[in-house]
2 protein chains.
Amino acid sequence: MNNCLKVLRAERSWSQGDLADRLEVSRQSVNAIETGRYDPSLPLAFRIAELFERPIEAIFVSPTKETL
Amino acid sequence: MNNCLKVLRAERSWSQGDLADRLEVSRQSVNAIETGRYDPSLPLAFRIAELFERPIEAIFVSPTKETL
DNA sequence: TTTCCATGTAAAGCTTCCTTCACTTATTCG
DNA sequence: CGAATAAGTGAAGGAAGCTTTACATGGAAA
């Protein structure tokens, strides 16, 4: 599943470690999500959405809704 | 995590099995999510949101946002 | 160059999600 | 009554998310 975590993070000049601390997950988890190796759990997706003050749908893009 | 799947499903007079078919998961998964035994994965949450034509946040309620 | 920080990734292990099979209970309908 | 459908749950196993430890690479800055 595509996402714009990297962009949102860069806008704030946060490292992956900074973001991981705020989300209370490991730096490797943030990296894996950003590089598309796996999707976050729903609870983690909610924490991410709350942190960036955006709806989940504005951060993660369902594969069935990708632009063609 | 709280959700209103059961209500949305009842509004359409679907059984858990009906909903499971539309989501392409097992009936037990639908039941487990409805009864709060576990949260759906993010991809499944997207399919649910698309099926009911509502944002994820209108169906699932983050524990950090529950009404007190 | 050397040091420092950010990033990417691998391995092993645990937890959570999801499956199938199976059984139980309740309700409805003939 | 008996038959059928819906819902809830348990067990066992596979897949995915997340952890810690560890190492490699690249860029910035001294």
Side-chain angles (χ1 to χ4, degrees):
Chain A
M1 179 173 315
N2 240 339
N3 70 74
C4 58
L5 258 194
K6 195 167 192 144
V7 173
L8 292 169
R9 185 171 60 78
E11 285 173 358
R12 289 156 182 79
S13 302
W14 292 344
S15 68
Q16 292 181 346
D18 293 336
L19 178 54
D21 288 344
R22 290 171 204 264
L23 294 173
E24 297 183 299
V25 294
S26 68
R27 178 183 68 81
Q28 285 80 350
S29 285
V30 168
N31 181 75
I33 293 166
E34 280 194 1
T35 58
R37 287 191 296 159
Y38 56 70
D39 299 321
S41 65
L42 186 56
L44 178 51
F46 265 96
R47 297 208 297 281
I48 292 170
E50 288 167 17
L51 179 59
F52 290 115
E53 297 178 299
R54 277 172 176 70
I56 289 178
E57 286 87 346
I59 301 177
F60 298 94
V61 182
S62 161
T64 70
K65 290 231 175 150
E66 304 255 348
T67 35
L68 308 178
Chain B
M1 179 172 315
N2 240 338
N3 70 75
C4 58
L5 258 195
K6 194 167 193 145
V7 174
L8 292 169
R9 185 171 61 79
E11 285 172 357
R12 289 157 181 78
S13 302
W14 292 343
S15 69
Q16 292 182 346
D18 292 336
L19 177 54
D21 288 344
R22 290 170 204 264
L23 295 173
E24 298 183 297
V25 294
S26 68
R27 179 185 68 80
Q28 286 83 347
S29 286
V30 168
N31 182 76
I33 293 166
E34 280 194 3
T35 59
R37 287 192 297 163
Y38 56 68
D39 300 321
S41 65
L42 186 57
L44 178 51
F46 265 97
R47 296 208 296 280
I48 293 169
E50 287 167 17
L51 179 60
F52 291 115
E53 298 179 297
R54 277 173 176 69
I56 290 177
E57 286 87 346
I59 302 178
F60 298 93
V61 183
S62 162
T64 70
K65 290 232 174 146
E66 303 254 349
T67 35
L68 307 179

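Below, read A as the first sequence line, B as the second, and so on, with proteins coming before strands; counting in each chain starts at 1. These numbers come from the heavy atoms of this one structure, side chains and all, not from hydrogens, waters or symmetry mates.
Rounded to an integer number of Å, the gap from CZ of Arg47(A) to P of dG17(D) is 15 Å. Distance Leu42(B) CG to dA15(D) C1': 16 Å, rounded to the nearest Å.
A heavy atom closer than 4.0 Å to some atom of DNA chain D occurs in Glu24(A), Val25(A), Ser26(A), Arg27(A), Gln28(A), Ser29(A), these being the qualifying members of residues 19-32 of chain A. Of the residues in residues 5-16 of chain B, those lying under 4.0 Å from DNA chain D by heavy-atom distance are Lys6(B), Arg9(B), Ser15(B), Gln16(B).
In this structure, the side chain to side chain donor-acceptor pair (under 3.5 Å) partners of Asp18(B), at least two apart in sequence or on a different chain, are Ser15(B). A search for side-chain contact (heavy atoms from CB on, under 4.5 Å) contacts involving Thr35(B) returns Asn31(B), Arg37(B), not counting sequence neighbours. In this view, Ala58(A) and Arg54(A), Pro55(A) satisfy the side-chain contact (heavy atoms from CB on, under 4.5 Å) rule, not counting sequence neighbours. Gln28(A) pairs by the side chain to side chain donor-acceptor pair (under 3.5 Å) definition with nothing, not counting sequence neighbours.
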Leu42(A) and Ile56(B): side chain to side chain contact (heavy atoms under 4.5 Å, CB included), yes or no, with the steps? CA-CA 10 Å; Leu42(A) 186 56; Ile56(B) 290 177; 4.1 Å; yes
Let's go through Ile33(A) and Leu44(A) carefully: what are the C-alpha distance in whole Å and the side-chain angles of both, what is the deciding distance for side chain to side chain contact (heavy atoms under 4.5 Å, CB included) to 0.1 Å, and is it a yes or a no? CA-CA 11 Å; Ile33(A) 293 166; Leu44(A) 178 51; 3.8 Å; yes
Under 3.5 Å, N/O pairs linking protein and nucleotides 14-17 of chain C:
from, atom 1, to, atom 2, distance (Å)
dC17(C), OP1, Asp39(B), N, 3.4
dC17(C), OP1, Asp39(B), O, 3.4
dC17(C), O5', Asp39(B), O, 3.4

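Here the side chains of Val25(A) and Val30(A) are in contact, with some heavy-atom distance below 4.5 Å. At a threshold of 4.5 Å between non-hydrogen side-chain atoms, the residues Phe60(A) and Pro40(A) count as touching.
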In 5'-to-3' order, the base (B), backbone-only (S) or no-contact (-) status of each nucleotide in nucleotides 25-30 of chain C, using a 4.0 angstrom heavy-atom cut-off, is ------
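A distance of 4.5 Å separates CG in Asp39(B) from CE in Met1(B), rounded to the nearest 0.5 Å. Taken from CD1 in Ile48(A) to CG in Leu19(A), the straight-line distance is 7.0 Å, to the nearest 0.5 Å. We find the CG-CD distance between Leu5(B) and Gln16(B) to be 9.5 Å, quoted to the nearest 0.5 Å.
Counting heavy atoms of neighbouring residues, nucleotides and ligands inside a 6.0 Å radius, atom CD of Glu11(A) exceeds 12 of them.
The stretch residues 40-51 of chain B participates, sequence neighbours left out, in no salt bridge (Lys or Arg N to Asp or Glu O under 4.0 Å) pair at all. Applying the salt bridge (Lys or Arg N to Asp or Glu O under 4.0 Å) test to pairs two or more places apart or on separate chains, those with a residue in residues 23-35 of chain B are Arg9(B)-Glu34(B). For residues 3-43 of chain B, every residue pair satisfying the ring pair (Phe, Tyr, Trp, His ring centres under 6.0 Å) rule, not counting sequence neighbours, is listed here: Trp14(B)-Phe52(B).
For the helix from dT1(C)-dA30(D) to dG30(C)-dC1(D), the angle separating the two terminal helix axes comes to 30°, with each axis derived from five pairs and the value rounded to 10°.
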